[in-house]
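Below is one structure; the comments refer to it alone.
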Amino acid sequence: MVNPLTRTARRLAMALGVGRTTANTNETSSTATVQVLLPGGELLGEVPLIQQVGFHSRPLPGSDVVVQSQAGDRQRSVAVATGDQRAYPKDLQPGDACLYHAKTGARVWLKADGSIAVSTPGPLHFSATEAVFDCPITCTKDIAATGDVKAGAISLTKHKHPVSAAPGTTDAPE
């Protein structure tokens with residue numbers, strides 16, 4: 001018979017673990033699940049992945065995962081946090097917060113000075129892609145652009161207007 005104190009100590013030791021995801025998340029049920037490899041080779045399958053309301057991510061295989069086991073019972077485990085040491089932004093300053101994509105590097109960076117930087121470097125080759133807003137946008141301050149600004153097919157830097165009092169068109173804006 002196992003000493004009750006030893007049994008309690010074992011349960012406490014098994015209540016929290018850090019492992020790695022071994023496959024893509026399973027998104028077919030109402031709660032996503034992950035397969036987790038814990039130290040010592042213990043493999044847990046179909047572990048519910050609990051995330052913050054309003055935020056959902058699919059960690060890449062090989063990502064770190066924190067597993068909480070209810071009363072130390074590994075069969076009643078939930079994944080409560082994930083991270084990926086291979087891909088996190090390394091240029092953040094104290095007080096910064098960043099939402100980023102592990103593969104492409106695209107991110108929304110909330111800086112400690114109050115500014116926000118949005119970058120979309122694109123998939124793996126890191127050439128610029130675009131940020132798409134599928135909603136009306138209102139700006140209450142000046143807008144500065146180093147490239148062209150277009151409304152439909154009309155270029156702000158290259159468009160011309162017909163001149164009714166004289167033949168021809170106006171020059172492009174300078």
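Reckoned from all heavy atoms, side chains included, excluding hydrogens, waters and symmetry mates.
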Which heavy atom of [X] sits nearest to which heavy atom of [Y], and what is that distance?
{"X": "V65", "Y": "A79", "answer": "CG2-CB, 3.6 Å"}
{"X": "P61", "Y": "N24", "answer": "CD-OD1, 3.5 Å"}
{"X": "K141", "Y": "C139", "answer": "O-SG, 3.1 Å"}
{"X": "A102", "Y": "L60", "answer": "CB-CD1, 4.0 Å"}
{"X": "D96", "Y": "A112", "answer": "OD1-N, 2.7 Å"}
{"X": "M14", "Y": "G72", "answer": "CB-O, 3.6 Å"}

Spacing of [atom1] belonging to [X] relative to [atom2] belonging to [Y], to within rounding of 0.5 Å:
{"X": "I50", "Y": "Q68", "atom1": "CD1", "atom2": "CD", "value": "10.0 Å"}
{"X": "T21", "Y": "R58", "atom1": "OG1", "atom2": "CZ", "value": "11.5 Å"}
{"X": "T22", "Y": "L37", "atom1": "OG1", "atom2": "CG", "value": "7.0 Å"}

Between [Y] and [X], is there a side-chain heavy-atom distance shorter than 4.5 Å?
{"X": "H101", "Y": "R107", "answer": "no"}
{"X": "V108", "Y": "Y100", "answer": "no"}
{"X": "S69", "Y": "R76", "answer": "no"}
{"X": "L49", "Y": "T25", "answer": "yes"}
{"X": "L99", "Y": "F55", "answer": "yes"}
{"X": "T82", "Y": "Q51", "answer": "no"}
{"X": "D73", "Y": "R11", "answer": "yes"}
{"X": "K150", "Y": "K158", "answer": "no"}

V67: which of V34, L16, L44 passes side-chain contact (heavy atoms from CB on, under 4.5 Å):
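Exactly one option meets the side-chain contact (heavy atoms from CB on, under 4.5 Å) with V67, and it is L44.
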
Should I143 and L156 be regarded as members of a common hydrophobic cluster, given that ILVMFWY residues are connected when their side-chain heavy atoms come within less than 4.5 Å of each other, either directly or indirectly?
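No, separate clusters.
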
Crowding at CG, L43 (>12 non-hydrogen neighbours, <6.0 Å):
yes

Other residues, nucleotides, ligands: >12 heavy atoms within 6.0 Å of K90 NZ:
yes

Report yes or no: does D148 contribute a side-chain atom to a donor-acceptor pair with the main-chain N or O of T157 at less than 3.5 Å?
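Between the backbone of T157 and the side chain of D148 there is a qualifying donor-acceptor contact (under 3.5 Å).
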
Answer yes or no: is there a donor N or O on one side and an acceptor on the other, between the side chain of S63 and the main chain of P59, under 3.5 Å?
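Side chain of S63 to backbone of P59, a donor-acceptor pair under 3.5 Å: no, none is there.
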
Can a salt bridge be assigned to the pair R86 and D64 using a cut-off of 4.0 Å between side-chain N and carboxylate O?
no

Does D113 come within less than 4.0 Å of K111, counting only side-chain N to carboxylate O?
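Looking at K111 together with D113, the answer is no, because their closest N to O distance does not fall below 4.0 Å.
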
Would you sort out whether S29 and T31 count as a side-chain hydrogen bond (donor to acceptor under 3.5 Å, both in side chains), showing the intermediate values?
CA-CA 5 Å; S29 62; T31 301; 5.9 Å; no

